[in-house]
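Only one structure is covered here, and it is reproduced in the block below.
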Amino acid sequence: QAQLVESGGGLVQPGGSLRLSCAASGFTLDYYAIGWFRQAPGKEREGVLCISSSGGRRYYEDSVKDRFTISRDNAKSTVFLQMNSLKREDTAVYYCAKAVFGSSCPEGHPPTPYFGSWGQGTQVTVSS
């Protein structure tokens, strides 16, 4: 059974950085696009960024384009989200998920319905 486990969240000051990890098991990561999502209190879960099986990136949230990057290490079955220049509005629970239809990052808006095997999430709090 496919499983994703997020880690790396925490408390960081505005302007700081964090790197989140998404560890995959129960399936071959190489063949799937993986997305990162976030959900702030009182808001719907939103797509942030996705990486395809070949390493292509698709941003779902414009506000992170110059600050967040995504990468994958298939040998370690792990996808990373590097977050720089963090802002208070980045505070949320961050989730990773596997693209339902395989290798490409879904183009649908919102992208959430096209992903599955959600992890449990990791809390990111940006505060001074």
Side-chain angles (χ1 to χ4, degrees):
Q1 183 176 354
Q3 186 175 11
L4 297 169
V5 178
E6 304 92 339
S7 62
L11 174 64
V12 63
Q13 292 186 344
S17 298
L18 280 176
R19 189 175 80 155
L20 306 184
S21 298
C22 171
S25 62
F27 68 101
T28 304
L29 182 66
D30 306 43
Y31 303 138
Y32 288 91
I34 300 294
W36 280 98
F37 296 76
R38 65 187 182 185
Q39 187 167 17
K43 295 187 176 181
E44 292 189 354
R45 190 172 301 186
E46 64 178 8
V48 177
L49 187 52
C50 174
I51 186 167
S52 70
S53 63
S54 60
R57 278 77 167 173
R58 180 178 298 278
Y59 284 87
Y60 295 125
E61 173 56 46
D62 288 343
S63 68
V64 308
K65 280 186 177 180
D66 296 327
R67 302 184 293 120
F68 291 11
T69 58
I70 191 171
S71 61
R72 61 193 298 153
D73 185 339
N74 290 335
K76 296 182 178 180
S77 294
T78 304
V79 174
F80 302 98
L81 181 67
Q82 179 66 44
M83 305 186 296
N84 299 325
S85 302
L86 282 161
K87 303 177 181 180
R88 288 183 174 83
E89 51 264 42
D90 296 318
T91 295
V93 178
Y94 283 72
Y95 301 87
C96 61
K98 179 170 71 75
V100 172
F101 297 116
S103 61
S104 298
C105 290
E107 298 181 13
H109 291 282
T112 312
Y114 303 97
F115 287 85
S117 302
W118 295 87
Q120 84 290 346
T122 186
Q123 176 71 47
V124 172
T125 302
V126 184
S127 175
S128 54

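Below, all heavy atoms of this structure are taken into account, side chains as well, without hydrogens, waters or symmetry copies. Values in this document were obtained by computation on a predicted structure and should not be read as measured data.
- To the nearest 0.5 angstrom, Glu46 atom CD is 12.5 Å from Tyr95 atom OH.
- Counting heavy atoms from C-beta on, the side chains of Val126 and Gln13 never come closer than 4.5 Å.
- Counting only heavy atoms from C-beta outward, the side chains of Ile70 and Tyr59 never approach each other to under 4.5 Å.
- Environment of CZ in Phe68: crowded, with over 12 heavy atoms of neighbouring residues, nucleotides or ligands closer than 6.0 Å.
- Using a 4.5 Å heavy-atom threshold, the side chains of Pro106 and Phe101 count as separate.
- The distance from the CZ atom of Arg72 to the CG atom of Asp30 is 7.0 Å, given to the nearest 0.5 Å.
- Counting only heavy atoms from C-beta outward, the side chains of Ser17 and Gln82 approach each other to under 4.5 Å.
- By the 4.5 Å heavy-atom criterion applied to side chains, Tyr60 and Val48 are not counted as neighbours.
- Sorted by first and then second residue, the pairs that involve residues 99-118 and meet salt bridge (charged side-chain N to carboxylate O under 4.0 Å, His left out), not counting sequence neighbours, are Arg58-Glu107.
- We find the OH-CD distance between Tyr94 and Gln39 to be 12.0 Å, quoted to the nearest 0.5 Å.
- Rounding to the nearest 0.5 Å gives a distance of 10.0 Å between CG of Asp73 and OG of Ser21.
- By the 4.5 Å heavy-atom criterion applied to side chains, Cys50 and Phe115 are counted as neighbours.
- One finds a salt bridge joining Asp62 and Lys65 here, because a Lys/Arg side-chain nitrogen approaches an Asp/Glu carboxylate oxygen to under 4.0 Å.
- Residue pairs meeting the side-chain hydrogen bond (donor to acceptor under 3.5 Å, both in side chains) criterion with at least one partner in residues 118-128, sequence neighbours excluded, are Arg88-Ser128, Gln123-Thr125.
- Ile34 contributes atom CD1, which lies 10.0 Å from atom OG of Ser53 (distance to the nearest 0.5 angstrom).
- The closest side-chain heavy-atom distance from Leu20 to Glu6 is not below 4.5 Å.
- Results of the side-chain contact (heavy atoms from CB on, under 4.5 Å) test with Leu18 over Asn84, Leu81, Asp90, Leu86 single out Leu86 as the only residue that passes.
- None of Lys43, Arg45, Glu61 except one satisfies the side-chain contact (heavy atoms from CB on, under 4.5 Å) rule with Arg38; the exception is Glu61.
- In this structure, Ser103 and Ser52 have side chains that are not in contact, with every pair of non-hydrogen atoms separated by 4.5 Å or more.
- Residue Glu44 qualifies as open at atom CD: its count of foreign heavy atoms under 6.0 Å is 12 or below.
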